[in-house]
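Notes for the one structure printed next.
Just so you know, these numbers use all the heavy atoms, side chains as well, and skip hydrogens, waters and symmetry mates. Note that ligands are numbered from 1 as they come in the structure, with each ligand's atoms numbered from 1 the same way. The structure displayed is predicted, hence computed values, not measured ones.
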Amino acid sequence: MSAEGVATTGARLLLRRLRTLMAEGGSAEERLRQIVRTIAADMVAEVCSAYVMRPGEVLELFATEGLKPEAVHRTRLRVGEGLVGDIASHARPLALADAQSHPNFAYRPETGEEIYKSLMGVPILRGGRVVGVLVVQNRKARNYSEEEVEALETVAMVLAELVASGDLVPRSEIRPTEGIGLLPTRLEGLILCPGLAIGRAALHKPRPTLAELVAENPASERERLNVALAGLNRTLDDLMARDDLAGGGEPRDILEAYRMFAQDHGWRERLNEAISGGLTAEGAVLKVQNDAKARMAQVVDPYLRERLADLDNLADRLLRHLTGGLTTLSLPEKAVLIARSLGPAELLEFERKRLRAVVLEEGSPTAHVAIVARALDLPVLGRVEGALARIEAGDRVVVDADNGQVFVRPGDDIEEKVAESMMLKAQRRASFAVLRELPAVSRDGVNVSLSINAGLLIDMQHLTPSGAEGIGLYRTEIAFMVRDSFPDVTQQTEFYQRIYEQAAGKPVIFRTLDVGGDKVLPYWPREGEENPAIGWRALRIGLDLPNLLRQQIRALIAAASGRALQIMFPMIATAAEFHAAREIVLLEIERARARGHPIPTPLEIGGMLEVPSLLWQLPELLKEADFLSIGSNDLAQFLFASDRGNPRLAGRYDSLSAAMLRMLVQVLRHCAEAGRPVSVCGEMAGRPLEAMALLGLGITRLSMAPSAIGPVKTMLRSLDIAQLQAYMNDRIALAHADLRGDLLSYARDHGVTL
Ligand code: PEP
Ligand code: MG
């Protein structure tokens with residue numbers, strides 16, 4: 001038998017012995033004492049000690065074979081302190097032949113450990129969190145092998161279950177939020193997709209019990225793993241073949257990435273090794289997942305984190321195949337899905353009509369899942385700390401993703417109030433459907449162009465039902481963000497062709513790649529930037545890497561195939577930048593002409609106003625630009641020097657402030673003088689009161705989220721624009737702060753429906 005074979009067989013025997021010990025009676029501490037004794041004997045070590053994490057990030061010695069017994073509960077090390085603290089802080093094993101020469105060695109006299117030269121320790125991980133440290137020590141210098149480290153890790157995994165059982169330390173220490181019984185609770189989170197929902201909690205993540213971790217028969221576990229892997233692959237194939245996804249475009253790339261991971265040799269090998277170490281198939285998946293998650297905690301690079309997160313999602317899926325956890329079919333009706341994290345393709349797997357909302361422990365507004373959720377109009381809250389621990393399966397849950405909160409087991413009063421708000425919302429929605437056929441015209445007869453913003457092919461489905469005139473902003477980068485590699489010209493061309501097809505003759509304004517800042521491409525490693533929002537992003541990248549921009553333009557020209565093409569550039573800071581970008585378009589037009597390809601007609605090249613410096617170069621810019629689109633999200637962010645993604649600053653500066661409105665007055669004057677159309681495509685355009693203010697300034701082109709079309713059209717049809725314009729002229733000149741209150745009163749007094 002090979003050396004590895006010996007080691008894995010040894011680990012298996014040890015695991016079996018441990019299982020028997022765990023199943024025996026006696027106090028948890030007594031069992032832990034027996035366990036460390038068994039490990040020490042088995043690993044031929046003079047010392048084996050188990051440290052358990054206590055409140056305040058302190059590791060307390062709970063059981064030892066070999067160190068002085070009086071050190072138990074007395075020796076306490078902070079995370080980061082000593083070798084044990086080092087293992088915990090990095091969540092990674094250490095194997096040292098000469099432990100005392102390690103810079104982090106901290107001597108504790110009460111333990112009597114000065115006589116031990118070598119040390120091997122591993123973190124005890126549960127759900128990616130360090131809940132303790134397991135250490136063996138030897139008197140003589142000893143080079144611990146990789147297999148031995150692996151075996152100790154496997155044992156530590158099983159120990160994690162003992163620590164989490166609540167018998168050793170109060171369970172609340174491990175899962176700080178447990179034990180709240182049936183009391184109603186309110187949890188806060190980050191709004192990833194707004195909306196209201198009432199439903200029953202369905203927990204996305206089954207956890208195998210201890211008995212399900214230690215295996216009797218590795219061969220049968222391997223078989224189970226293979227069956228589950230085959231099932232996983234089948235599900236991925238089925239999903240890819242499903243019509244709704246096939247039409248959706250981008251999720252296919254994500255599924256392909258998952259399928260690639262699922263077939264990855266290294267991943268399968270690690271799973272099989274863990275089974276050889278004595279774990280069940282479930283245990284093996286958890287172990288490999290734990291290792292990856294512990295690594296994830298150390299990784300700051302967002303791209304790498306995304307990749308590790310993909311693997312993590314895949315492990316969750318595999319676990320569900322093994323344990324028969326939640327699947328599309330087993331999802332209860334009116335489910336509020338509670339998960340740690342969720343991949344976009346995974347979300348699409350669930351039947352939308354069974355799903356009411358999603359609550360995630362992780363997630364950020366730019367996460368792919370948030371982008372897909374917006375397209376599905378599904379309320380999603382992210383970063384809800386401890387959601388899986390605080391919410392039990394079947395709990396009644398009210399998700400108020402409009403205000404970033406979730407009520408667990410709420411009282412009747414809360415449920416009634418939210419149900420009422422939902423009913424009112426539904427009524428309003430129904431009334432918007434009626435509006436679809438009615439023209440977007442104000443009470444005094446001003447025609448207004450209302451368009452939608454899109455970024456996924458699924459968004460295109462909203463074009464006709466919303467009654468919008470076209471796509472006022474197509475965020476091309478989103479398609480790039482949900483892929484696994486940079487699409488080439490052919491792939492881009494196909495993608496843009498599909499947008500043309502789905503737009504069915506309605507105009508589309510394609511914005512060139514706006515990456516950087518908070519929009520990251522997972523396959524594009526970047527150097528860390530201190531201020532990414534004002535860093536190397538958007539058009540700056542396009543001008544520095546002109547081939548990239550040229551390829552995109554080439555694909556757009558090819559996709560237009562002689563039809564109208566509207567292109568606009570994001571984040572322009574100088575008129576010269578716009579000029580240079582426009583030259584690139586013209587170069588590509590020449591290239592197409594030289595090759596006898598159809599030239600888009602008409603061709604319009606516009607710019608986005610997002611950086612305030614451009615305000616003083618508008619006359620130059622508008623000589624060349626065919627239109628201007630105001631990206632009010634970024635414009636406000638840079639005007640007020642206020643990070644748009646920082647929840648602490650949200651609401652601090654008002655887009656209806658005198659500063660913002662006076663600036664817009666100037667922009668409009670320049671556009672009028674140059675005879676160029678101007679639109680607003682930031683979030684402002686989709687909020688009825690803000691949209692009213694924009695109309696009052698004289699803007700007649702607005703582009704917004706599809707769900708905003710109804711409310712904005714309702715407002716528009718009840719508004720006399722000329723009257724509001726006269727009112728606003730005076731107010732803006734006199735205003736000291738913001739006009740929000742004034743405009744609200746105006747709307748109330750003049751019968752404007754907000
Ligand atoms: C904006 O900044 O207002 C805008 C429309 O672009 P994005 O939100 O994609 O940055
Ligand atoms: Mg922007």
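Note on ligand 1: R511 sits in its first shell, one or more heavy atoms being nearer than 4.0 Å. Judged by the shortest distance from any of its heavy atoms, R644 lies inside the 4.0 Å radius around the atoms of ligand 1.
When the shell of 6.0 Å around CZ of R429 is examined, it contains 12 or fewer heavy atoms from other residues, nucleotides or ligands.
Less than 4.0 angstrom separates some heavy atom of L473 from each of these atoms of ligand 1: 5 (C). Atoms of ligand 1 lying under 4.0 Å from any heavy atom of D634, numbered from 1 in the order shown and given with element: 1 (C), 2 (O), 3 (O), 10 (O).
If you look at E610 next to ligand 1, the close heavy atoms, those under 4.0 Å, all belong to the side chain. At a heavy-atom distance under 4.0 Å, no atom of L635 approaches ligand 1. Contacts between R475 and ligand 1 below 4.0 angstrom, taking non-hydrogen atoms only, involve the side chain exclusively.
Using cut-offs of 30° and 60° on the angle between ring planes, the pair F510 and Y500 is tilted.
Side-chain atoms of Q492 come within 3.5 Å of backbone N or O of P487 as a donor-acceptor pair.
Side-chain contact annotation: Q637 with Y653, donor-acceptor N/O pair under 3.5 Å absent. Between the side chains of E604 and Q566, at least one donor-acceptor pair of N or O atoms lies under 3.5 Å. For the 3.5 Å distance criterion, the side chains of T476 and Q552 qualify, holding a donor opposite an acceptor.
In terms of distance to the Mg ion (ligand 2), the nearest N, O or S atom of D634 is named OD2.
Under 2.8 Å from the Mg ion (ligand 2) lies an N/O/S atom of E610, whether from backbone or side chain.
In this structure, the side chains of L668 and L697 come closer than 4.5 Å at one or more pairs of heavy atoms.
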